[in-house]
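Have a look at the structure below before the remarks.
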Amino acid sequence: LTNTNITDAQEMETIWTILPAVILILIALPSLRILYMADEVNNPSFTIKSIGHQWYWTYEYTDYGGLIFNSYMLPPLFLNPGDLRLLEVDNRVVLPIEAPVRMMITSQDVLHSWTIPTLGLKTDAVPGRLNQTMFTATRPGVYYGQCSEICGANHSFMPIVAELIP
């Protein structure tokens, strides 16, 4: 009742197991190279260091003589009509459009996350580690984000505002 030609196909099983694995490797190697090259930062126009604190961000424009400022959330009493509550800050990060910008992101106390969803940016700020990301904005405007980690009692009150100008 058993056909030996059906149960004895070990060569065929070996081929249809190894062939897809080889195809996946041939697809993965160029993709990994492209991913690595896309993460490289070549000649940025601006380098900005962002340091996360509880409950504010510190920005350093390292290319311009160490311009350093803190960015706190505006309390409701200081908001102007049209400002977004819990998203507006006292000092915005001002950047030019169509210029490559390198953001170096770290933290001083706990885990934070420098996130601006409309720009497609999300980089973790880890104490003792300097992470970097690169972006080139193409449209002027004001872009809002927040720390997206649970970094303390008031973690939702760490807004990020980037103003991109021509």
Starting at [atom1] of [X], measure out to [atom2] of [Y] and round the result to the nearest 0.5 Å.
{"X": "Asp90", "Y": "Tyr72", "atom1": "CG", "atom2": "OH", "value": "8.0 Å"}
{"X": "Ile18", "Y": "Ile15", "atom1": "CD1", "atom2": "CD1", "value": "8.5 Å"}
{"X": "Thr136", "Y": "Ile97", "atom1": "OG1", "atom2": "CD1", "value": "11.0 Å"}
{"X": "Thr14", "Y": "Leu19", "atom1": "OG1", "atom2": "CG", "value": "12.0 Å"}

Can any side-chain N or O of [X] pair as donor or acceptor with the backbone N or O of [Y] at less than 3.5 Å?
{"X": "Ser71", "Y": "Asn91", "answer": "yes"}
{"X": "Ser50", "Y": "Ile105", "answer": "no"}
{"X": "Asp63", "Y": "Thr47", "answer": "yes"}
{"X": "Thr118", "Y": "Tyr143", "answer": "no"}
{"X": "Asn131", "Y": "Ala125", "answer": "no"}

More than 12 non-hydrogen atoms from neighbouring residues, nucleotides or ligands closer than 6.0 Å to CG on Leu79, yes or no?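 Result for CG/Leu79: enclosed.
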Considering only heavy atoms from C-beta outward, does the side chain of [X] approach that of [Y] to under 4.5 Å?
{"X": "Leu87", "Y": "Arg85", "value": "no"}
{"X": "Met103", "Y": "Phe135", "value": "yes"}
{"X": "Thr58", "Y": "Ile68", "value": "yes"}
{"X": "Arg33", "Y": "Leu35", "value": "no"}
{"X": "Trp57", "Y": "His112", "value": "yes"}
{"X": "Ile165", "Y": "Pro140", "value": "no"}

For Lys122 and Ser148, which I'm curious about, is there any donor-acceptor pair between the side chains at under 3.5 Å?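 Yes, because at least one side-chain N or O of Lys122 sits under 3.5 Å from a partner of the opposite role on Ser148.
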How about Gln108 and His53: does a side-chain donor come under 3.5 Å of a side-chain acceptor?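 Side-chain D/A pair, Gln108 to His53: present.
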Leu164: which of Leu119, Val142, Val93, Thr138 passes side chain to side chain contact (heavy atoms under 4.5 Å, CB included):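 Per the side chain to side chain contact (heavy atoms under 4.5 Å, CB included) rule, the option paired with Leu164 is Leu119, out of Leu119, Val142, Val93, Thr138.
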How far apart are the closest heavy atoms of [X] and [Y], and which atoms are they?
{"X": "Gln54", "Y": "Val110", "value": "NE2-CG2, 3.5 Å"}
{"X": "Ser113", "Y": "Thr115", "value": "OG-OG1, 3.1 Å"}
{"X": "Ile160", "Y": "Cys147", "value": "CD1-N, 4.4 Å"}
{"X": "Gly145", "Y": "Pro117", "value": "CA-CD, 4.2 Å"}
{"X": "Val126", "Y": "Thr106", "value": "O-OG1, 3.4 Å"}

Stepwise side-chain contact (heavy atoms from CB on, under 4.5 Å) check, Glu60 with Met104: CA-CA 10 Å; Glu60 298 179 14; Met104 297 175 12; over 6 Å; no
May I ask whether Val161 and Leu121 are part of the same hydrophobic cluster, defined by side-chain heavy atoms of I, L, V, M, F, W, Y residues being less than 4.5 angstrom apart, directly or through others?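 As far as the 4.5 Å side-chain criterion goes, Leu121 and Val161 are not connected within one cluster.
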Applying ring pair (Phe, Tyr, Trp, His ring centres under 6.0 Å) between Tyr64 and each of Tyr59, Phe69, Phe46, report the one that passes.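 Between Tyr64 and the candidates, ring pair (Phe, Tyr, Trp, His ring centres under 6.0 Å) is satisfied uniquely by Phe46.
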Val101 vs Met134, side-chain contact (heavy atoms from CB on, under 4.5 Å): CA-CA, chis, key distance, verdict: CA-CA 6 Å; Val101 176; Met134 173 99 170; over 6 Å; no
Walk me through whether Arg102 and Ile48 qualify under side-chain contact (heavy atoms from CB on, under 4.5 Å). CA-CA 6 Å; Arg102 174 177 41 194; Ile48 299 173; over 6 Å; no
Does the pair Tyr144 and Glu88 meet the rule for a side-chain contact (heavy atoms from CB on, under 4.5 Å), with working shown? CA-CA 8 Å; Tyr144 294 93; Glu88 198 59 55; 3.0 Å; yes
